[in-house]
Structure formats: C-alpha cells, structure tokens
Amino acid sequence: QVQLVESGGGLVQAGGSLRLSCAASGISFSLNTMGWYRQASGQQREFIARYTNSGSTNTADSVKGRFTISRDNAKNTVYLQMNSLKPEDTAVYYCYARYYAYESWGQGTQVTVSS
C-alpha cells in the first residue's frame, strides 16, 4: 500500500547539481516526516536530511550548505537539491517516510559523481 519512488539520480561531474525527487503514495503525506539517507558502496547507510511534519529541517554536517531538502505536500513529494557535488557524494540515495514508529523506504536512486 505504501510506496516511495525516488527519481533524479544519474552521473554528474564534480561541482555539478542534481535534484532528487521522492513521490509517496499510500500515506497521509503531510503527517509524515520525510527524509533522505544514502549508502555508498561498502559503507553504512548515512543520514542526509529530514523535513518534519511540523516544518523543521535538519541536514547532516557532511552536506550542510550544499544539499537542501524541501517538500510539496500538495504533490506528495519530497526533494533533495544537491549542489557542488563531490565524488564522495557517490551513493545510492534512499527516501523515507516516518509516522511515529512506522517507517517506509524507497528502492533508492544511484548518484555517481565523477572526478
């Protein structure tokens, strides 16, 4: 019933930009905290950013100043604008939704940044 579908990943050169999208269905979108994690090859999944149901945002120190999370409740979509991309940003990026103890995850979208 719950489905999160990421899109917008791809191959970019260092210094470039991408905007990831996550379209949600099967949830009351405005009641959920939405966010992004990433997982580089051989590494643990890393928190990137979240946008709470009350309007607060948080971003990880590793991407602060470069990545911006936003959401459009009318479109049931959360975005991750990624600027000044670095090779170390290469990872699979996952969208998540959280409502109390309930969590849902997307399948991920690959972002590759070439040097």
Side-chain angles (χ1 to χ4, degrees):
Q1 191 67 53
V2 177
Q3 189 171 23
L4 304 177
V5 180
E6 301 97 334
S7 61
L11 174 64
V12 298
Q13 293 181 321
S17 297
L18 285 173
R19 189 174 80 155
L20 306 183
S21 299
C22 173
S25 60
I27 63 170
S28 183
F29 185 84
S30 63
L31 298 181
N32 278 258
T33 288
M34 304 296 300
W36 296 89
Y37 279 68
R38 70 185 182 190
Q39 187 168 24
S41 180
Q43 300 185 22
Q44 293 183 315
R45 190 167 293 191
E46 174 191 15
F47 167 78
I48 297 300
R50 62 176 172 264
Y51 199 133
T52 72
N53 64 324
S54 60
S56 299
T57 61
N58 303 89
T59 56
D61 288 343
S62 60
V63 303
K64 197 179 298 292
R66 300 187 298 120
F67 292 10
T68 302
I69 189 170
S70 61
R71 65 191 290 168
D72 187 339
N73 288 348
K75 296 182 179 180
N76 288 355
T77 301
V78 63
Y79 305 95
L80 186 68
Q81 179 67 48
M82 306 186 296
N83 298 325
S84 302
L85 283 162
K86 305 174 181 179
E88 51 262 46
D89 295 319
T90 295
V92 177
Y93 284 72
Y94 297 92
C95 171
Y96 77 90
R98 183 176 64 81
Y99 179 68
Y100 289 100
Y102 300 95
E103 289 188 349
S104 300
W105 293 85
Q107 293 295 308
T109 185
Q110 176 71 47
V111 171
T112 302
V113 184
S114 62
S115 60

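Atoms considered below: every heavy atom in the structure, side chains included; atoms not considered: hydrogens, waters and symmetry mates.
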(message) How close do Val113 and Thr90 get, counting heavy atoms only, and between which atoms?
(response) N-OG1, 2.9 Å
(message) Could you report the tightest heavy-atom contact between Ser104 and Val2, atom names first, then the distance?
(response) OG-CG1, 3.1 Å
(request) Consider only side-chain heavy atoms of I, L, V, M, F, W and Y, link residues closer than 4.5 Å, and tell whether Trp105 and Phe47 are in one cluster. (result) yes
(message) If hydrophobic clusters are built from ILVMFWY residues whose side chains come within less than 4.5 Å, do Val12 and Val63 share one?
(response) yes
(request) Find out if a path of hydrophobic residues (ILVMFWY) with successive side-chain heavy-atom gaps under 4.5 Å connects Tyr51 to Leu80. (result) yes
(request) Starting from the C-alpha separation in whole Å, work towards a yes-or-no answer on side chain to side chain contact (heavy atoms under 4.5 Å, CB included) for Leu4 and Met34. (result) CA-CA 10 Å; Leu4 304 177; Met34 304 296 300; 4.3 Å; yes
(request) Please report the closest heavy-atom contact between Thr59 and Ala49, naming both atoms and the distance. (result) CG2-CB, 3.8 Å
(message) Using every non-hydrogen atom in the two residues, find where Ser17 and Asn83 come nearest and quote the distance to one decimal.
(response) OG-OD1, 2.9 Å
(request) Can you measure from CD1 (Ile48) to OH (Tyr93) and round to the nearest 0.5 angstrom? (result) 5.5 Å
(message) Can you tell me how far apart OH (Tyr79) and CH2 (Trp36) are? Round to the nearest 0.5 Å.
(response) 10.5 Å
(request) For residues Glu6 and Gly108, report the shortest heavy-atom separation together with the two atoms involved. (result) OE1-N, 2.9 Å
(request) Just jot down the side-chain hydrogen bond (donor to acceptor under 3.5 Å, both in side chains) partners of Ser30, sequence neighbours excluded, or say none. (result) none
(request) Rounded to the nearest 0.5 Å, what's the gap from CZ on Phe67 to OG on Ser84? Could you check? (result) 9.0 Å
(request) Write down the atom of Ala91, the atom of Ala40, and the distance for their closest heavy-atom approach. (result) CB-N, 3.7 Å
(message) Check this for me: Gln107, atom CD, are more than 12 non-hydrogen atoms of other residues, nucleotides or ligands nearer than 6.0 Å?
(response) no
(request) Taking the side chain as every heavy atom from C-beta outward, state whether Lys75 and Ser21 have any atom pair closer than 4.5 Å. (result) no
(request) Can you measure from CZ (Arg71) to OG1 (Thr52) and round to the nearest 0.5 angstrom? (result) 7.5 Å
(request) Please state whether the rings of Tyr37 and Tyr96 are parallel, tilted or perpendicular, taking 30° and 60° as the class boundaries. (result) perpendicular
(request) With the side chain counted from C-beta on, respond yes when Val111 and Arg38 share a heavy-atom pair under 4.5 Å apart, and no when they do not. (result) no
(message) With rounding to the nearest 0.5 angstrom, report the CZ to OG distance, Arg19 to Ser7.
(response) 9.0 Å
(request) Output all residues satisfying salt bridge (Lys or Arg N to Asp or Glu O under 4.0 Å) with Arg45, sequence neighbours left out; order by chain, then residue number. (result) none
(request) Please report the C-alpha distance between Met82 and Leu20 in whole Å, then the side-chain angles of each, then the deciding distance to 0.1 Å, and finally whether the side chain to side chain contact (heavy atoms under 4.5 Å, CB included) criterion is met. (result) CA-CA 8 Å; Met82 306 186 296; Leu20 306 183; 3.7 Å; yes
(request) Enter the distance from Thr33:OG1 to Arg98:CZ here, rounded to the nearest 0.5 Å. (result) 4.5 Å
